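We count ligands from 1, going down the list as the structure has it; atoms in each ligand are counted the same way. Basis for what follows: all heavy atoms, side chains included, without hydrogens, waters or symmetry-related copies. Note that the structure is a prediction, hence the values are computed from the model and not measured.
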Amino acid sequence: MDRLSVITGNAHLELAQSICKYLKIGLTSCMAGRFSEGEIRVKLEDNIRGKDVFVIQPTCPPVNENLMELLILIDAIKRASAKRITAVMPYYGYARQDRKDQPRVPITAKLVANLITVAGADRVLTMDLHAGQIQGFFDIPLDHLFSVGVFVDYFQELKLKDLVVVSPDVGGIKMARAYAKRMNAGLAIVDKRRISPTATEAVHILGDIEDKNIIIVDDLISTGSSLIEAVEVLNKRGAKQIRAAIAHGVLCGSALERIESCKPLKELIISDSIPLSDDKKQPKIRVLSVAGLLGEAIKRIHNEESVSSLFD
Ligand code: R5P
């Protein structure tokens with residue numbers, strides 16, 4: 001492990017420290033600050049020549065700052081003669097614009113993949129991508145982790161009966177099926193329509209949810225619109241307790257107030273792929289750590305062992 005180096009930007013110091021704790025190594029010292037006009041200033045304070053370097057940086061809000069910082073860190077690491085650079089992005093921002101769903105729009109998920117590659121990353125390690133196909137936007141190796149195991153461990157402790165896993169939209173069926181299979185639960189889908197970038201409408205439910213305990217699963221929660229709409233329609237149709245397991249807690253706009261005031265929602269469980277600041281913490285939100293999952297994947301990549309066997 002002496003050839004392994006873990007570096008972090010400012011996006012999520014706590015997660016980087018927890019990953020290092022799992023790996024039983026210290027963080028490589030690195031300064032990532034700002035010049036007075038706001039430009040990003042980076043300096044590696046340790047020698048990393050010939051090392052296998054992992055840069056931990058979820059591209060969560062402030063997205064542009066965190067993304068640019070990641071690119072500049074990769075550039076500094078490359079110029080400091082690292083042997084290999086892995087961009088560790090527990091949350092991959094800009095992923096939702098992954099296709100031209102209307103004329104004259106960009107494909108930002110691909111643009112970000114190009115930027116990371118051109119900056120000098122040799123590989124990418126990420127988790128619960130908005131769409132699995134984003135892997136194909138990279139021409140460098142990418143390892144895609146799933147937090148489902150971490151969440152299922154928690155739900156198994158609750159010993160919930162009559163369980164149905166619900167996807168809040170058609171795009172999330174694969175993730176919901178993975179949960180349902182592991183927990184031996186039923187499966188249902190909410191037919192959601194997006195009215196605007198910040199508003200959705202839940203129309204129908206496909207599947208039997210009456211008198212069932214529900215776990216809504218999704219890759220991310222942003223404004224909370226998809227989740228709250230799904231909770232309300234499930235509640236109206238006679239669901240029992242409703243919980244949500246969402247990999248990435250982006251939680252912007254009025255998401256927190258909406259969660260707090262949504263009575264039928266018993267608990268929202270998110271991972272720590274994105275930091276949850278103290279002012280965002282509330283009793284209804286539980287955070288499960290994916291530091292062990294990321295740390296184990298880093299160890300295996302470094303030792304050239306199988307990463308997919310992590311999911312067996
Ligand atoms: C949509 O395809 C995603 O999986 C999420 O359901 C959605 O992006 C969440 O956004 P919001 O919380 O703003 O509804």
Side-chain angles (χ1 to χ4, degrees), residues 58-63 89-102 105-110 112 126-135 137 144-148 151 165-180 187-207 214-235 242-262 264-265 267-271 273-274 276 280 282 284-287:
T59 46
C60 52
V63 187
M89 304 169 74
Y91 169 66
Y92 186 90
Y94 276 119
R96 285 189 287 178
Q97 297 175 74
D98 60 357
R99 64 197 180 284
K100 276 191 77 172
D101 57 353
Q102 45 181 305
V105 294
I107 304 181
T108 56
K110 169 65 177 158
V112 169
T126 189
M127 194 187 86
D128 291 307
L129 282 168
H130 175 64
Q133 301 89 303
I134 292 171
Q135 293 172 70
F137 293 173
H144 186 198
L145 304 177
F146 301 97
S147 59
V148 53
F151 283 86
V165 176
V166 175
S167 171
D169 55 38
V170 179
I173 296 175
K174 213 172 157 211
M175 187 181 204
R177 201 181 289 134
Y179 272 80
L187 184 64
I189 299 151
V190 176
D191 177 17
K192 172 183 98 174
R193 310 265 155 89
R194 191 161 277 287
I195 307 164
S196 77
T198 54
T200 55
E201 185 189 17
V203 192
H204 302 110
I205 298 172
L206 312 175
I214 304 293
I215 301 174
I216 301 173
V217 301
D218 208 348
D219 61 318
L220 71 96
I221 173 163
S222 177
T223 63
S225 171
S226 309
L227 174 64
I228 304 299
E229 287 284 339
V231 171
E232 279 167 3
V233 71
L234 289 161
N235 185 49
I242 305 175
R243 291 176 174 80
I246 303 190
H248 309 295
V250 180
L251 297 170
C252 62
S254 56
L256 290 162
E257 296 88 82
R258 295 171 87 173
I259 290 160
E260 204 171 3
S261 59
C262 179
L265 178 66
E267 195 176 25
L268 165 64
I269 303 111
I270 55 174
S271 86
S273 64
I274 293 176
L276 186 70
K280 286 187 173 175
Q282 52 166 278
K284 222 188 238 187
I285 302 181
R286 178 182 294 270
V287 182

Item to complete: Under 4.0 Å, heavy atoms only, figure out whether ligand 1 is touched by the backbone of Thr223, its side chain, both or neither.
Response: both
Response to the item:
If we number the atoms of ligand 1 from 1 as shown, the ones under 4.0 Å from a heavy atom of Ser226 are 6 (O), 7 (C), 9 (C), 10 (O), 11 (P), 14 (O)
Discussion item. Does any part of the side chain of Ile259, heavy atoms only, come nearer than 4.5 Å to the side chain of Leu251, both counted from C-beta?
Written reply: yes
Discussion item. Tell me whether ligand 1 is touched by Glu229 - counting only heavy atoms on the residue side and a distance under 4.0 Å.
Written reply: no
Worksheet item: Are any of the side-chain heavy atoms of Val190 and Ile216 separated by less than 4.5 Å?
Response: no
Discussion item. Against ligand 1, does Gly224 come closer than 4.0 Å with any heavy atom?
Written reply: yes
Worksheet item: Taking side chain as C-beta onward, heavy atoms only, is Lys284 less than 4.5 Å from Leu268?
Response: no
Worksheet item: NZ of Lys100: more than 12 outside heavy atoms within 6.0 angstrom?
Response: yes
Practice prompt. Tell me which protein heavy atom sits closest to atom 10 (O) of ligand 1, plus the residue, atom name and distance to 0.1 Å.
Written response: Arg96 NH1, 3.4 Å
Fill in: Beyond-backbone contact of Tyr94 with Val63, side-chain heavy atoms, under 4.5 angstrom
yes
Worksheet item: Evaluating non-hydrogen atoms only, which member of Val190, Ile228, Asp169, Leu220 is closest to atom 1 (C) of ligand 1?
Response: Asp169
Discussion item. Out of all atoms in ligand 1, which are within 4.0 Å of some heavy atom of His130? Include the element for each.
Written reply: 1 (C), 2 (O), 3 (C), 4 (O)
Worksheet item: Taking N or O atoms only and a 3.5 Å limit, does Leu227 qualify as a polar contact for ligand 1?
Response: no
Worksheet item: Is the closest side-chain heavy-atom distance between Val112 and Phe137 below 4.5 Å?
Response: no
Worksheet item: Quick one: does Leu227's side chain get under 4.5 Å of Ile246's, heavy atoms only?
Response: yes
Worksheet, complete the sentence: shortest atom 3 (C) of ligand 1-to-protein heavy-atom contact is with Asp219 OD1, 3.5 Å
Worksheet item: Quick one: does Asp218 get a heavy atom under 4.0 Å from ligand 1?
Response: yes
